[in-house]
Amino acid sequence: MWSPVEKTALAEAEIEYYDHTSTTIWVRFPVVTASVPALRGASVVIWTTTPWTMPGNRAVAAGPEFDYALVHVDAVAEGSLARVGEKLLIALPLLPQVVQDTGIATHHVEHVFKGEALAGTILAHPLRGRGYEQDTPLLLADFVTTDAGTGFVHIAPGHGEDDFHLGRANGLEVPETVGDDGTFNAWVPLFAGAHVYKAADPVCAALTEAGALLARGTIRHSYPHSWRSKKPLIFRATPQWFIRMDGPEHIRQKALAAIDATVFVPDQGRNRIGSMVAARPDWCISRQRAWGVPITIFVEKRTGQPLRDPAVVARIVAAFETEGADAWYSSPASRFLGPDRNPDDYEQVMDIVDVWFESGSTHAFVLEKRGLPWPADLYLEGSDQHRGWFHSSLLEAVGTRGVAPFKAILTHGFVMDEQGRKMSKSLGNVTAPDEVANKYGADILRLWVMSSDTTEDLRIGPEILKQQAELYRRLRNTLRWLLGSLDGFTEDERVPVAEMPELERWVLHRLTELDAKIRSAVESYDWTGVYPELHNFCAVDLSAFYFDVRKDAIYCDRPDSLRRRAARTVLDHLHRCLTTWLAPVLCFTAEEAWGARFGDDSSVHLELFPDLPHDWRDDALAAKWETIRAIRRRITVPIEEARAAKTIGASLQAAVTLKLAPDEAELLNAAEWAEVAIVSAVHPVAGGSDDPAAIAPAPGEKCARCWRVLPEVGSVAVHPTLCLRCADAVDSGLVCRAVA
RNA sequence: GGGCUGGUAGCUCAGCGCCAGAGCACACGCUUGAUAAGCGUGAGGUCGGACGGUUCAAAUCCUCCCCGGCCCA
């Protein structure tokens, strides 16, 4: 679309639609050569809302499937421009409306033809004899409709996209009837110098004089306007610069091969950009704007060919490097053409380059000039850039270097509201990032991203953010408990893996599984589900199981006990892994948790992900502990029933009779089952693998220190409220005691 | 209108031919030595719609429709 006011082409985004009143005309195109004899002496009737496009007419189009009526006019209303006795061709479905609009009082249909039967008919331009002598072929086109008009579309190849393509397909010329300012060019017969906005009257006058005008009216319809001047636009074909896709350079073919060689995250991107490249037309890289990067071409006036002279190019480059691209406008052409060429022989192109062309050139100066490897490892953007940056970068790199400028492309979706709808002020569903950061903190915002499937559209809103805040709390509390339980931990306390209890080795195994997931995500760029899994690990494996089980050892064992030291060694590994793994997302939280142990002079953001020893991995152990946790549920469920029956309260008040199938009997001993189930006693007995455990109140007294209910409590005389383990711990002198 | 793409519990997501899953939220209970915390148990879905097709078997494959998204027209 072209704005005669600003004298520039406009992009789709710069067009606004308003109601506009246009002059409509019905025009006769006399048949010169008929495809069927009955058409002799008849006229084809077209209807258009743009009378000013008549000088640019070069064809008339009909729909191949429609029925067209050859109408004999028998009588006309007063003032009608129709003539009694004339024969007109009009689409049958539209005939009643056309008859009414043109004031034909009575008529009869002599013949009905299929549109395809009309092909080959040659018409005369309505202004033949007045400078419009060319033939007007009647062509068939799928875009013709019978929604309005006459069923015949007047084709001006310079003033409509369908018109242009139909014209090209049929070898029609594309006359440039209208100039930049919206006036007819000097060569245009009858109308030279007239402005297209004021052309309706002269065009109608000329048509009337020629006897071609059948009727005239007005229509109010939605019409494109410039966003800046609010003035109506016109469709105008103008010469442009293109990069051809299928020339000897084989850009399309090479681009498709480059797409095959690229990694796409997600892989659907390959499909998307692939089908675009396969179907796209030649790339129009020129724009007519007052401001922008110039297309630095001189066209030789004599031949119409672009000048290809390395010396000229070198002068242009030298000028631009020191003065910038404005040198193109501020310097005389002779500066670039050099002493051997006459500036009068050349036309300097003043078009600017499409901004997408500029975006596509980034790889050329961002990578090599900074000593970075080419091609880039990754291009990352929203999915809209399949047609934007990815696309232009691909075509330019393929054109200049034969391959894509990237090894991989990662795309993410768009951020929607909680219903998956686009955010808009009018809907009031906008969530702004800075508001999230202010209310919840930037860590939450990042956590939300990592909890979402970024390959698709993301959703955000109050409820979703609230949930993220909950997830965050669990992560933060996990770190906080680790820090408290690791207080005073030193290297002397560390226990080698081989000496650790199975439970500790199981945790280390779990770390190797998570480590593998994270390293895989780093390699593949696919982080979907990684942080939810970390959260799951913290909530289910650590908080609800490992931490809960080991609180007894951490809080109550002698500090020099192997069990407690092993647990604290594992907590140390957990702290290092979790802080570094969380650091890219929970930047502030992870840094805080790191600094709490290693001082504020250090930073988790300077750490690498820990390298975990291969021998931590133990799949057999993992399987065994999966089984143990399943059996554990045979205890927790009946405990809940005992609670409901008021038999017990806390699980440590329970003594459990656990029925184990033969293959389950060797998994753990009685003390270990009690430890894992966090009860005071477990009595394993033979049974089936579906049998729930029996729950009874544990006999004995509650140890004041560890809360286990044991018969032995009170058996050490100096510690009447303690169990044996706690009495020993206190007597060891290694634990804190209240100051007397 | 076209290309690409999605629609599974309140929420975020897994499953992608063979008994509907996880975490969170929710309910109830326990705990009070992670406490603006912790533990346990439970309820919750006709997998967008089609008394549509293929199959011994479909959330999973095919067709049509509805709703949403990005890019074009």
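Letters go in sequence order (proteins before strands), and every chain restarts at 1. The structure displayed is predicted, hence computed values, not measured ones. Computed over heavy atoms, backbone and side chain alike; hydrogens, waters and symmetry mates excluded.
Counting only heavy atoms from C-beta on, N536(A) has its side chain closest to rA22(B) among rA22(B), rU32(B), rG69(B). Of the listed nucleotides (rG38(B), rC70(B), rU12(B)), rU12(B) has the atom at the smallest distance from the side chain of S452(A). Closest to the side chain of K422(A), out of rC11(B), rG38(B), rC70(B), is rC70(B). If you check rU32(B), rC70(B), rU12(B) against the side chain of K702(A), the one that comes closest is rU32(B). Of the candidate nucleotides rG69(B), rG38(B), rG23(B), rG38(B) has the atom lying nearest to any side-chain atom of D548(A). Closest to the side chain of D453(A), out of rG68(B), rC39(B), rC13(B), is rC13(B). Comparing atom distances between the T636(A) side chain and each of rU41(B), rG23(B), rU5(B) picks out rU41(B) as nearest.
Look at R473(A) and you won't find any side-chain N or O under 4.0 angstrom from OP1 or OP2 of rC24(B). Contact annotation: R387(A) side-chain N/O to rC4(B) OP1/OP2 distance is not under 4.0 Å. For the OP1/OP2 pair of rG68(B) and a distance below 4.0 Å, the side-chain nitrogens and oxygens of R421(A) include at least one atom meeting the criterion. Distances shown here put every side-chain N or O of R633(A) at or beyond 4.0 Å from the OP1 or OP2 atom of rC39(B). Side-chain N/O atoms of N271(A) include none lying less than 4.0 angstrom from OP1 or OP2 on rG3(B). Taking only side-chain nitrogens and oxygens, S485(A) never comes nearer than 4.0 Å to OP1 or OP2 of rA34(B). Contact between the side-chain N/O atoms of Y555(A) and the OP1/OP2 oxygens of rA34(B) is found at a separation under 4.0 Å.
In the interface, the side chain of Q467(A) is paired with the base of rG23(B) through a donor and an acceptor atom under 3.5 Å apart. A donor-acceptor contact under 3.5 Å is not formed by the side chain of E456(A) with the base of rG6(B). If you check distances only, the side chain of K466(A) never reaches the base of rA25(B) with a donor-acceptor pair under 3.5 Å.
Residue G529(A) is out of contact with every strand shown, counting any heavy-atom pair closer than 4.0 Å. Among the protein residues, H386(A) comes within range of no part of the nucleic acid, since none of its heavy atoms lies under 4.0 Å from any strand. Nucleic acid contact for S651(A): none, since no nucleic acid atom lies under 4.0 Å from a heavy atom of the residue. If you check every strand for non-hydrogen atoms under 4.0 Å, A704(A) touches a base. Within the 4.0 angstrom heavy-atom criterion, no nucleotide atom of any strand lies near A644(A). Residue-level contact check: C556(A) touches the bases, meaning some heavy atom is under 4.0 Å from a base atom. Looking at heavy-atom distances under 4.0 Å, W448(A) makes no contact with the nucleic acid at all. Looking at heavy-atom distances under 4.0 Å, G420(A) makes contact with sugar-phosphate atoms alone, never a base.
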>> Could you go through I460(A) and L465(A), starting from their C-alpha distance and side-chain angles, then the distance that decides it, and tell me whether this counts as side-chain contact (heavy atoms from CB on, under 4.5 Å)?
In response: CA-CA 7 Å; I460(A) 197 169; L465(A) 284 167; 4.0 Å; yes
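Residues T478(A) and K646(A) both approach RNA chain B. Their nearest nucleotides, taken by heavy-atom distance, put K646(A) toward the 5′ side. If you find the closest nucleotide of RNA chain B to M416(A) and to F545(A), the one lying nearer the 5' end belongs to F545(A).
Taking the side-chain hydrogen bond (donor to acceptor under 3.5 Å, both in side chains) definition, one finds that S543(A) meets it with R474(A), sequence neighbours left out.
Across the strands present, rU46(B) finds no partner; the criterion is a Watson-Crick or G-U wobble pair with both atom distances under 3.5 angstrom. Across all strands shown, rU55(B) forms no Watson-Crick or G-U wobble pair with both key distances under 3.5 Å. Across all strands shown, rC13(B) is found opposite rG21(B) as a Watson-Crick or G-U wobble partner, with both distances under 3.5 Å.
Atom pair E641(A):CD and rG40(B):P shows a separation of 16 Å (rounding to whole Å applied). Atom CG of L482(A) and atom P of rA37(B) are 18 Å apart (whole Å).
A heavy-atom distance below 4.5 Å is not found between the side chains of L542(A) and W481(A). Between Y531(A) and L471(A), the closest side-chain pair of non-hydrogen atoms is not below 4.5 Å.
Rounded to a whole angstrom, the distance from the C1' atom of rC71(B) to that of rC56(B) is 44 Å. On the P atoms, rC64(B) is 11 Å away from rG2(B), given to the nearest whole Å. Nucleotides rU41(B) and rC47(B) are separated by 26 Å at their C1' atoms, to the nearest Å. Across the P atoms, rC72(B) and rA50(B) are found 36 Å apart, a figure rounded to whole Å. Only the C1' atoms considered, rU35(B) is 43 Å distant from rU46(B), to the nearest whole Å. Only the P atoms considered, rG52(B) is 23 Å distant from rG17(B), to the nearest whole Å.
At least one donor-acceptor pair under 3.5 Å links the side chain of R634(A) to the backbone N or O of S689(A).
Going from atom CH2 of W594(A) over to atom NE2 of H575(A) covers 7.0 Å, rounded to the nearest 0.5 Å.
Look at F537(A) and the base of rG23(B); the rings do not stack under the cut-offs of 5.5 Å between centres and 30° between planes.
Under a cutoff of 6.0 Å and an axis angle of 45°, R510(A) and F537(A) do not form a cation-pi pair.
In this structure, H386(A) has its ring center at least 6.0 angstrom away from the ring center of F264(A).
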